[in-house]
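To keep things clear, I will list the structure first and then write my remarks on it.
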There are 2 protein chains.
Amino acid sequence: MTNRNITIKDVAKQANVSVATVSRVINGLDRVSESTRKRVLKIIQELNFVPNNMAASMVNKKTNMISVVVPEIQNPFYTAVIEGTVEVAKREGFFTLVLSTNGDEGEEEEFLDSFLGKNVDGIILIGSHKEAEFYREIQKPTILVDRYFNDSGHDGVMIDNYRGAYEATKHFIEYGHERIAIIDGAHDFNDGKDRFWGYKQAMLEHGFTPDPAYHKQGNWTEEDGYKFAKELLQSHQPPTAIFAANNVLCKGTIRAIRDMNLKLGEDISLIGFDENELAQFVQPQVTVVRRPTREMGEQAAEMLIHKIKGGQLEPSKPKKVILDVELMKCGSVKKLN
Amino acid sequence: MTNRNITIKDVAKQANVSVATVSRVINGLDRVSESTRKRVLKIIQELNFVPNNMAASMVNKKTNMISVVVPEIQNPFYTAVIEGTVEVAKREGFFTLVLSTNGDEGEEEEFLDSFLGKNVDGIILIGSHKEAEFYREIQKPTILVDRYFNDSGHDGVMIDNYRGAYEATKHFIEYGHERIAIIDGAHDFNDGKDRFWGYKQAMLEHGFTPDPAYHKQGNWTEEDGYKFAKELLQSHQPPTAIFAANNVLCKGTIRAIRDMNLKLGEDISLIGFDENELAQFVQPQVTVVRRPTREMGEQAAEMLIHKIKGGQLEPSKPKKVILDVELMKCGSVKKLN
DNA sequence: TTGAAAGCGCTACCAA
DNA sequence: TTGGTAGCGCTTTCAA
């Protein structure tokens with residue numbers, strides 16, 4: 001522990017070969033006679049030598065690690081994405097480094113400039129920055145996940161937020177709902193924006209004008225979900241249906257409905273975006289727009305590693321992969337017609 | 001992106017100084033005249049130079065990163081620990097690298113041998129290995145969290161699992177319960193073992209002999225919680241109280257109770273270990289043994305960084321810090337007496 | 001206050 | 001098949 005680390009040199013000396021030969025053995029290159037290979041291997045064993053891969057990385061400029069940067073690590077959506085990327089990366093021989101930025105742009109930047117950020121071979125990024133500019137400056141293979149910026153110059157893996165929200169809203173309408181509220185947060189990123197548009201478009205296309213009083217916009221937090229759901233339900237003309245535009249807003253809404261002693265799917269209909277634990281727990285279960293979270297991570301990792309391995313071939317136009325969503329109909333939407 | 005990275009040499013040439021001087025400027029050392037410092041700084045700006053900290057690390061043998069290794073990243077207990085360590089580490093100028101091993105010993109080992117594992121300055125480890133031997137071989141500052149091995153040679157941050165379980169069981173007994181069941185998992189680590197002992201000891205001390213039929217031992221999963229709770233509740237002499245020895249077992253138990261249409265805190269009493277979302281959602285809320293998860297991470301990070309900064313002073317005897325737990329009494333325990 | 005130069009541990013080219 | 005050696009980009013003596 002305290003004693004000097006043993007290096008390739010020590011091995012070379014002991015084995016009576018050059019460091020070059022030891023290096024060849026370590027890296028499993030050919031052009032080494034079986035006998036010397038054996039000898040070197042034995043010495044490596046004896047000395048309990050472990051190559052310093054940092055030194056190697058300095059030379060060949062790759063580390064076989066990628067990072068996945070997410071806004072928060074407490075949200076199951078992000079951990080699912082992480083798990084997907086970790087799995088693929090591992091299969092491809094890459095280590096994945098997980099970083100949570102708390103949605104803080106400063107932390108995100110700091111990370112990218114840090115030891116870790118500088119030394120990974122590629123990045124999977126669910127960004128917190130709101131301008132393409134920031135992403136454009138990232139000088140290494142990067143895949144943007146979930147939140148995308150067209151001028152970023154990077155590939156992206158997203159889901160069809162628009163369609164998810166559209167389908168949810170349409171489902172309400174088809175079941176006879178007219179007073180349909182939406183709870184969402186700031187439209188800082190495409191995901192939130194698209195969900196709202198999907199809602200709006202579905203309303204308009206079916207001849208309804210979205211009532212601003214039914215649009216509650218907060219912070220994408222459970223607290224806001226709770227607060228806004230209560231406000232909506234206590235208003236003098238409450239909506240008959242609520243679309244909660246992400247998983248935590250949905251959880252807050254579920255709590256509010258429970259606390260107000262309303263019957264889900266009876267007194268009030270609800271659709272959430274993304275699955276969540278409470279939605280599955282309550283009875284009836286909550287209808288949600290399900291997105292392939294884990295797959296997003298897998299897809300992103302595959303694209304990233306392909307890029308890393310392929311090197312900078314033609315700087316082709318950024319690819320966007322859009323995965324599909326699915327409306328999981330459970331019992332939380334009442335049929336009014 | 002494709003063009004060669006600019007290095008300290010380029011800066012030196014442009015600024016008409018030696019690399020040594022540039023290095024001094026970068027590291028904010030004194031012994032540099034104000035005028036040259038200005039000049040160098042200006043060139044650094046112009047060239048948009050960012051030091052390669054990997055090269056620096058090769059020389060001074062530290063990276064200012066630590067890692068926190070956990071069995072799984074989907075469990076809020078672990079993410080809370082992570083958040084605690086990240087916060088402290090950040091404050092102290094360290095980056096934290098998060099690694100989830102899926103409870104797989106192989107993955108844990110692979111990580112420690114990897115680029116990342118070798119190059120962090122210290123490790124916070126919620127281990128998956130079951131023998132002290134493994135931990136003893138880790139040749140760098142390490143803090144064991146939650147799961148501890150006495151002969152590991154490392155410091156540890158734990159909670160008082162024994163007392164938590166003891167208090168929970170005692171609470172049942174004081175409320176007049178006698179048929180008290182426990183659902184837990186394999187006793188691979190001290191945490192699970194101690195919780196069972198706490199339960200057993202409380203029973204014995206109050207004159208009850210723990211009935212093996214009331215001890216359901218599975219895999220620490222939600223499914224097992226569900227399955228065992230059902231088994232217990234459907235047996236011909238069901239317990240009046242269940243102690244679910246971790247958060248996911250508790251969630252499974254809550255589901256089982258709900259699905260069997262039993263009234264929590266009325267038909268069946270329940271205490272969980274560790275908080276969880278369902279425990280807080282259901283009504284009455286579930287009484288739980290609360291442990292200071294985030295604090296565990298903070299404490300561990302503080303100890304680790306202290307160790308890193310202090311270097312290897314005396315190889316003092318490993319310190320164990322045991323944080324206290326608290327029984328949060330909610331409404332899920334019925335008073336029978 | 002500044003610079004020259006010797007590493008840190010490894011890889012990869014060129015010679016032998 | 002092997003070895004010598006010039007880097008990779010930086011830090012840190014030691015001298016100037």
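Letters go in sequence order (proteins before strands), and every chain restarts at 1.
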(request) Just compare dT1(C), dG9(C), dG3(D) and give me whichever is closest to any side-chain atom of Ala55(A). (result) dG9(C)
(request) Between Arg39(B) and Val59(B), just flag the one whose closest nucleotide in DNA chain C comes earlier from the 5' side. (result) Arg39(B)
(request) Calculate the interatomic distance between Asn16(A) atom CG and dG4(D) atom P; express it in whole Å. (result) 11 Å
(message) Is Lys61(B) close enough to dG9(C) that one of its side-chain N or O atoms is under 4.0 Å from OP1 or OP2 there?
(response) yes
(request) Could you check which of dC10(D), dC14(D), dA12(C) has an atom nearest any side-chain atom of Ala20(A)? (result) dA12(C)
(message) Quick check on dC8(D): is either OP1 or OP2 less than 4.0 Å from any side-chain nitrogen or oxygen of Asn52(B)?
(response) no
(message) Just the rounded figure in Å: distance from P of dG3(C) to NZ of Lys13(B).
(response) 14 Å
(request) Report yes or no: do Thr63(B) and Asp121(B) form a side-chain donor-acceptor pair below 3.5 Å? (result) yes
(message) In this structure, how many angstroms lie between the P atom of dG9(C) and the NZ atom of Lys9(A), rounded?
(response) 8 Å
(request) Calculate the interatomic distance between Arg24(A) atom CZ and dC14(C) atom P; express it in whole Å. (result) 13 Å
(message) Cation-pi check for Phe77(B) against Arg291(B): NZ or CZ below 6.0 Å from the six-membered ring centre and within 45 degrees of the axis, yes or no?
(response) yes
(message) Any side-chain N or O of Ser18(B) below 4.0 angstrom from OP1/OP2 of dT2(C)?
(response) no
(message) Expressed as a whole number of angstroms, how long is the span from Leu29(A):CG to dT11(C):P?
(response) 9 Å
(message) Starting the side chain at C-beta, find the nucleotide from dG3(D), dT11(C), dT11(D) nearest to Val19(B).
(response) dT11(D)
(request) Assess the side chains of Glu72(A) and Asn102(A): does a donor N or O sit below 3.5 Å from an acceptor N or O? (result) no
(message) So if I take every side-chain heavy atom of Val17(B) and compare against dG3(D), dG3(C), dT11(C), which nucleotide ends up nearest?
(response) dG3(C)
(message) Just the rounded figure in Å: distance from C1' of dT1(C) to CZ of Arg37(B).
(response) 12 Å
(message) Take a 6.0 Å sphere around CD of Glu34(A) and say whether it holds more than 12 heavy atoms from other residues, nucleotides or ligands.
(response) yes
(request) Salt-bridge test for Asp155(A) and Lys307(A): reply yes if a basic N is under 4.0 Å from a carboxylate O, no otherwise. (result) yes
(message) Looking at dT2(C), I'd like to know if its phosphate oxygens (OP1 or OP2) sit under 4.0 Å from a side-chain N or O belonging to Thr36(B).
(response) yes
(message) Both Ser57(A) and Ser35(B) contact DNA chain C. Taking the nearest nucleotide for each, which residue is further toward the 5' end?
(response) Ser35(B)
(message) Rounded to whole Å, how long is the line connecting atom CE of Met54(B) with atom P of dC10(C)?
(response) 13 Å
(request) Calculate the interatomic distance between Ile8(B) atom CD1 and dA5(C) atom P; express it in whole Å. (result) 17 Å
(request) Please determine, for the side chain of Met58(A), which listed nucleotide (dG3(D), dC8(D), dC10(D)) has the closest atom? (result) dC8(D)
(message) Side chain of Ala56(A), heavy atoms from C-beta onward: which of dT11(D), dT13(D), dT11(C) has the nearest atom to it?
(response) dT11(C)
(message) So Asn27(A), base contact, sugar-phosphate only, or nothing? Heavy-atom distance under 4.0 Å.
(response) sugar-phosphate
(message) Nearest to the Asn60(A) side chain among dA12(C), dC10(D), dA5(C), which nucleotide is it?
(response) dA12(C)
(message) For a quick test of reading the model: is some side-chain N or O of Ser33(B) closer than 4.0 Å to OP1 or OP2 of dT2(C)?
(response) yes
(message) Does Ser23(B) reach a base, just sugar-phosphate, or nothing at all? Heavy atoms under 4.0 Å.
(response) base
(message) Looking at Lys90(A) and Glu110(B), is any side-chain nitrogen of the basic one under 4.0 Å from a carboxylate oxygen of the acidic one?
(response) no
